[in-house]
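Keep in mind it's a predicted model, so treat the numbers as computed, not measured. Just so it is clear, the values below take in all heavy atoms, side chains as well, and ignore hydrogens, waters and symmetry mates.
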Amino acid sequence: MIFLSLCVKLSSKGPVFYGHKRVGKNGKEIKCWKFRSMYKDSQKMLEEILLTNPEMKKEWEENRKFVNDPRVTKFGKFLRKTSLDELPQLFNILIGNMSFVGPRPVTKDELEKYGENANYILTVTPGLSGMWQISGRSDTGYEERINLDSYYIQNWSIWLDMWIIIKTIWVVLRGKGAY
């Protein structure tokens with residue numbers, strides 16, 4: 001983590017870590033820690049993109065992310081592709097607002113896409129990895145993501161968690177669905 005921190009700091013101006021506001025268990029707001037992978041003025045860049053590029057605006061409205069996000073630094077692309085940007089979430093796990101396995105914490109805007117399933121998903125502690133991550137990640141739509149999260153909650157077992165952790169390693173090494 002020290003080496004990655006130095007690389008983030010040397011690759012672009014701004015802080016090393018980024019605390020992204022997410023919704024955790026029982027609707028409690030949490031900061032989901034990550035290595036910063038975007039330029040310091042990424043919010044301003046997003047506003048400009050949404051105002052000037054209709055195709056990217058549509059992509060943002062559907063997925064809340066871009067496949068080729070111009071706000072991501074060169075080193076940030078590496079961090080995201082390898083999922084190393086998520087490593088600081090070990091701190092979230094240590095303080096108890098995340099677990100190793102569970103539905104990924106979402107933003108308030110994303111939670112609206114969950115509709116009547118939102119409260120159900122929020123009954124469990126969000127995880128660093130889960131069914132969605134091992135089943136396609138960013139290549140998976142919200143409806144499938146909700147189904148996967150619901151399946152996990154209904155079928156939880158220590159064996160399912162162990163299988164997800166093992167499969168997570170394989171998925172991360174392949175880099176599929178990460179951008």
Taking E29 first and then R22, would you say they form a salt bridge - that is, a charged N and a carboxylate O separated by under 4.0 Å? no
Side chains of T52 and E48: does their closest heavy-atom pair fall under 4.5 Å? yes
Measure from the side-chain N and O atoms of R36 to the backbone N and O of P15, and report whether any donor-acceptor pair falls under 3.5 Å. yes
Would you say that F78 contacts D85 through its side chain, given a criterion of any heavy-atom pair below 4.5 Å between the two side chains? no
Would you say Y39 and F66 are hydrophobically clustered, going by side-chain heavy atoms of ILVMFWY under 4.5 Å? no
Does atom NZ of K31 have more than 12 heavy-atom neighbours from other groups under 6.0 Å away? no
On a heavy-atom basis, which atom in F75 and which in C7 lie closest, and how many Å separate them? CZ-CB, 3.3 Å
Within a reach of under 6.0 Å around OH of Y142, are more than 12 heavy atoms found that belong to other residues, nucleotides or ligands? yes
Other residues, nucleotides, ligands: >12 heavy atoms within 6.0 Å of N53 CG: yes
So do the side chains of Q43 and L46 get within less than 4.5 Å of each other, counting heavy atoms only? yes
Test item: F17 and V8 side chains (from C-beta on) under 4.5 Å apart, heavy atoms: no
One thing to verify: whether K108 and E112 come together as a salt bridge, which I'm taking to mean a side-chain N less than 4.0 angstrom from a carboxylate O. no
Does atom CD of Q154 have more than 12 heavy-atom neighbours, drawn from other residues, nucleotides or ligands, at distances under 6.0 Å? yes
With a 4.5 Å heavy-atom cut-off, do D149 and Y120 have their side chains touching? no
